[in-house]
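Values in this document were obtained by computation on a predicted structure and should not be read as measured data.
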Amino acid sequence: MSKQAKGAGEEPATPAATGEPTAPDEQSPQLSTANPGVIAERLQYLFENKRKPDGKKYSYREAIRAIEASGGASISVGYLSQLVNGVRTNPMMDAIQGLAKFFGVPLSYFDEHEDTEETNEQLKLVAALQHAGVQDVAMRTVGLPPESVKLVLSMIDRVREVEGLPPAESPSNTDE
């Protein structure tokens, strides 16, 4: 995953995977017995994969503004950065509730014992559908017989090959 910084004055949508906290002098001791990386790992995944309608990543400031606008907790960019970087491992419940609501995931998504594979797959699907033209292609296949859908998919695979793109990942239920 590429972790690129935003322009000047904006924080990165995702942190560098160095494990270094953004403010070492503010590092909190690990108070939780839970895996300290779970919340950070899942927030990193969400900031990387949950996109705005234009396909761009959300900045920390944009997430915070949206959470506050919906009546959620008031959190600082620094606090959110510490959560994403794993510096803070025992977050305030209202902050996690606001983040879960903002990203459209269940609160249990941040539970160490929760299997997030299905939620992550749904996020990938939503992100893919947001790419220009993808919904249009999908909607045009509605009502076509299975053989015709397979033909359309094979044409798309061929175009990807000609364009030098890797083969597309197929969901497990394409043969319905």
By side-chain hydrogen bond (donor to acceptor under 3.5 Å, both in side chains), which residues pair with Thr141, not counting sequence neighbours? none
Mind checking side-chain hydrogen bond (donor to acceptor under 3.5 Å, both in side chains) for Tyr109 and listing every partner two or more places apart, or none if nothing turns up? Asn120
If the condition is side chain to side chain contact (heavy atoms under 4.5 Å, CB included), which residues does Pro166 pass it with, not counting sequence neighbours? Arg160
Under the salt bridge (Lys or Arg N to Asp or Glu O under 4.0 Å) rule, what pairs show up with a residue in residues 95-106, not counting sequence neighbours? none
Residues forming a side-chain hydrogen bond (donor to acceptor under 3.5 Å, both in side chains) with Glu121, sequence neighbours excluded: none
Those residues that, when tested against Ile64, pass side chain to side chain contact (heavy atoms under 4.5 Å, CB included) (two or more places apart): Glu68, Ile75, Val77, Leu80
Restricting to side-chain hydrogen bond (donor to acceptor under 3.5 Å, both in side chains), what partner residues turn up for Gln97, sequence neighbours left out? none
Contacts of Phe110 meeting ring pair (Phe, Tyr, Trp, His ring centres under 6.0 Å) (sequence neighbours excluded), chain-then-number -> none
By side chain to side chain contact (heavy atoms under 4.5 Å, CB included), which residues pair with Val137, not counting sequence neighbours? Ile156
Got a sec, which hydrophobics cluster with Leu151, joining ILVMFWY side chains under 4.5 Å apart, including via others? Met155
When you measure from the side chain of Ser108 to the backbone of Asp111, do you find a donor-acceptor pair of N or O atoms at a distance under 3.5 Å? no
Could you go step by step and tell me if Phe102 and Leu46 meet the side chain to side chain contact (heavy atoms under 4.5 Å, CB included) rule? CA-CA 10 Å; Phe102 171 73; Leu46 290 170; over 6 Å; no
Checking the side chain of Arg51 only, and the main-chain atoms of Glu48 only, is there a donor and an acceptor separated by less than 3.5 Å? yes
Please identify each residue that fulfils side chain to side chain contact (heavy atoms under 4.5 Å, CB included) with Glu147, with sequence neighbours left out. Pro145
Could you tell me which residues satisfy ring pair (Phe, Tyr, Trp, His ring centres under 6.0 Å) with Tyr79, sequence neighbours excluded, listed by chain and number? none
